[in-house]
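Written out below as structure tokens is the structure these notes cover.
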There are 2 protein chains.
Amino acid sequence: MTAAVSARRSQTRQRLLDAAMEAFAEEGFGRTTVERLCERAGFTRGAFYSNFTSLDEVFLAMWEDRSTRMLADVRAALAEVSAEDPGQALRAALAAIPVDDAWYRVTAEFTAHALRNPALRRVMAAREQAIQDTVLPVLVAALARTGRQVRDEAALGRALVAVHDGTAVQVLLEPDDPGAWARREELFMSVLAAYSTPGGDTRDLDAAPGPDAATDLLEEPR
Amino acid sequence: MTAAVSARRSQTRQRLLDAAMEAFAEEGFGRTTVERLCERAGFTRGAFYSNFTSLDEVFLAMWEDRSTRMLADVRAALAEVSAEDPGQALRAALAAIPVDDAWYRVTAEFTAHALRNPALRRVMAAREQAIQDTVLPVLVAALARTGRQVRDEAALGRALVAVHDGTAVQVLLEPDDPGAWARREELFMSVLAAYSTPGGDTRDLDAAPGPDAATDLLEEPR
DNA sequence: TGCATCGGATACGTTTTTGTATCCGACGGG
DNA sequence: CCCGTCGGATACAAAAACGTATCCGATGCA
């Protein structure tokens with residue numbers, strides 16, 4: 001009964017979600033119409049309204065679907081290389097979080113959308129937290145293996161996400177610039193270095209080098 | 001003749017552009033209709049089609065208008081504090097480039113749009129370059145005054161822009177988190193420190209500390 | 001084999017949005 | 001003071017998008 005029939009249902013639902021991803025990426029969320037979305041999926045509007053109630057709903061469902069899948073990929077990729085050095089661990093994480101044209105377009109619009117909707121804001125914040133929770137432990141462990149200690153994991157996590165987002169646009173906006181990728185990695189490494197200290201042991205925190213030290217240095221020219 | 005009459009014209013044009021900014025920010029570019037845009041501006045569609053040919057055109061014109069204005073603000077703000085230390089110079093620049101909710105929404109969508117349109121991509125790239133050209137000299141000078149030298153200005157410029165973009169979202173997405181702003185500044189300072197070396201003189205570049213050093217350090221655990 | 005259910009298609013009327021073609025009033029020149 | 005031009009409003013027709021109400025076929029169960 002519900003076994004095969006519901007399988008069919010979730011199949012069409014998925015096809016609709018996939019079509020949504022395509023459509024939103026190519027035409028933009030706002031300019032996408034229910035009709036054209038259904039054309040892509042090979043269904044009629046009837047199917048759509050049977051599975052969803054609005055484009056907004058699909059947007060959210062699709063974004064969650066995709067980013068959940070992506071997070072799983074990252075987890076899987078990191079599980080394998082977790083025993084290497086920080087540079088390699090970071091590169092593995094970067095490789096697993098693809099800098100994808102289409103996905104970036106969609107996420108950019110979703111972000112804009114989320115900035116207008118508190119509920120969506122929370123969804124995005126939670127997702128970012130999940131990404132940090134996945135990536136940080138591996139990175140911290142790899143750093144520790146080289147005798148480096150992270151002082152403020154939360155700050156490092158946020159910094160890495162910010163750098164990822166910021167550099168991803170640059171890379172995508174200038175696909176011809178070959179140096180873009182190198183600069184991106186360079187920045188990542190710098191941040192990793194700046195937010196960790198060489199000491200395996202916890203020395204006096206206030207005196208330790210790191211971001212705070214940099215701030216102090218720059219604040220008071222001497 | 002054309003003096004007062006064209007003044008009137010450019011006035012309404014500007015009011016339309018301002019209304020576009022509002023509308024795109026609140027409703028999103030895609031969901032904005034010519035009609036509603038005109039309502040905000042207090043005109044009819046007639047006025048719109050007399051000044052523009054499509055929403056896309058307005059989008060571009062409006063974005064260029066706003067970002068040009070913003071760049072002028074930055075220039076003005078930096079002209080005043082250029083004699084201070086790097087920290088203050090950076091903060092001045094950050095203050096002049098406002099992290100504005102509405103503007104961010106619009107820019108996010110514009111970016112997504114630009115990723116689909118080569119011409120717009122070039123517009124955005126040029127704008128980023130202009131921002132870097134405005135901010136970097138001041139920053140480099142301020143750093144030099146404290147005896148610090150920037151090794152790769154282009155790389156630093158890109159890094160700063162990336163960090164700005166990346167942290168701006170975070171700050172906006174979590175307006176309640178008081179630590180967000182502090183973390184943002186911390187990251188900026190770290191980058192500034194990582195991309196400059198303490199030597200006022202140019203030593204052997206390959207041996208100097210900095211991003212490359214960090215990369216090397218992390219790549220080969222020892 | 002017949003029946004009930006469920007997923008999706010079809011068909012329909014309605015509302016929005018669009019773009020243009022035409023009109024009106026104001027302002028500048030003679 | 002009258003005329004021409006220009007900016008914007010009005011009016012109109014066409015098209016697009018919507019959401020629902022209804023129908024049809026397939027699948028699962030008795």
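Just the heavy atoms: all of them, side chains too, but no hydrogens, waters or symmetry mates, feed the values below. In the text below, chain A, chain B and the rest are named by the order of the sequence lines, each starting its count at 1. Treat the numbers as computed from the prediction; the structure is a model and nothing was measured.
With sequence neighbours excluded, no residue satisfies side chain to side chain donor-acceptor pair (under 3.5 Å) with Arg122(A).
For residues 45-56 of chain B, every residue pair satisfying the salt bridge (Lys or Arg N to Asp or Glu O under 4.0 Å) rule, not counting sequence neighbours, is listed here: Glu35(B)-Arg45(B). Screening residues 114-139 of chain A for ring pair (Phe, Tyr, Trp, His ring centres under 6.0 Å), with sequence neighbours left out, gives no hits.
Ring to ring, Phe43(B) and Phe48(B) are not that close: their centroids are 6.0 angstrom or more apart.
The distance between atom CZ of Phe48(B) and atom P of dG7(D), rounded to the nearest whole Å, is 16 Å. In this structure, CZ of Arg9(B) is placed 16 Å from P of dG28(C), rounded to the nearest angstrom.
Proximity of residues 13-30 of chain B to DNA chain D (heavy atom under 4.0 angstrom from any strand atom) is not detected for any residue.
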Table please: side-chain donor-acceptor pairs of residues 16-24 of chain B below 3.5 Å, with sequence neighbours left out.
unit_1: Asp18(B); atom_1: OD1; unit_2: Gln14(B); atom_2: NE2; d: 3.1
unit_1: Asp18(B); atom_1: OD1; unit_2: Arg66(B); atom_2: NH1; d: 3.2
unit_1: Glu22(B); atom_1: OE1; unit_2: Arg40(B); atom_2: NH1; d: 3.2

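Judged by distance alone, with hydrogens and angles left aside, the side-chain atoms of Arg105(B) form a donor-acceptor pair with the main-chain N or O of Ala25(B) at under 3.5 Å. At least one donor-acceptor pair closer than 3.5 Å links the side chain of Asn51(A) to the backbone N or O of Ala47(A).
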**OP:** Evaluate the side chain to side chain donor-acceptor pair (under 3.5 Å) criterion for residues Gln132(A) and Glu128(A): first the C-alpha distance (whole Å), next the side-chain angles of each, then the deciding distance (0.1 Å), finally the verdict.
**Re:** CA-CA 6 Å; Gln132(A) 289 184 34; Glu128(A) 178 175 328; 3.1 Å; yes
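Closest approach to the Ser50(A) side chain among dA9(D), dA9(C), dG8(C) is made by dG8(C) (side chain taken as heavy atoms from C-beta onward).
OP1 or OP2 of dG8(C) sits under 4.0 Å from a side-chain N or O of Thr12(A). Regarding contacts with the backbone of dG7(D), every side-chain N or O of Asn51(B) stays at 4.0 angstrom or more from both OP1 and OP2.
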Which protein N or O atoms sit under 3.5 Å from an N or O of nucleotides 16-22 of chain D?
unit_1: dA17(D); atom_1: O3'; unit_2: Thr33(A); atom_2: OG1; d: 3.3
unit_1: dC18(D); atom_1: OP2; unit_2: Thr33(A); atom_2: OG1; d: 2.6
unit_1: dC18(D); atom_1: OP2; unit_2: Val34(A); atom_2: N; d: 3.0
unit_1: dC18(D); atom_1: N4; unit_2: Arg45(A); atom_2: NH2; d: 3.3
unit_1: dG19(D); atom_1: OP2; unit_2: Tyr49(A); atom_2: OH; d: 2.2
unit_1: dG19(D); atom_1: N7; unit_2: Arg45(A); atom_2: NH2; d: 3.2
unit_1: dG19(D); atom_1: O6; unit_2: Arg45(A); atom_2: NH2; d: 2.1

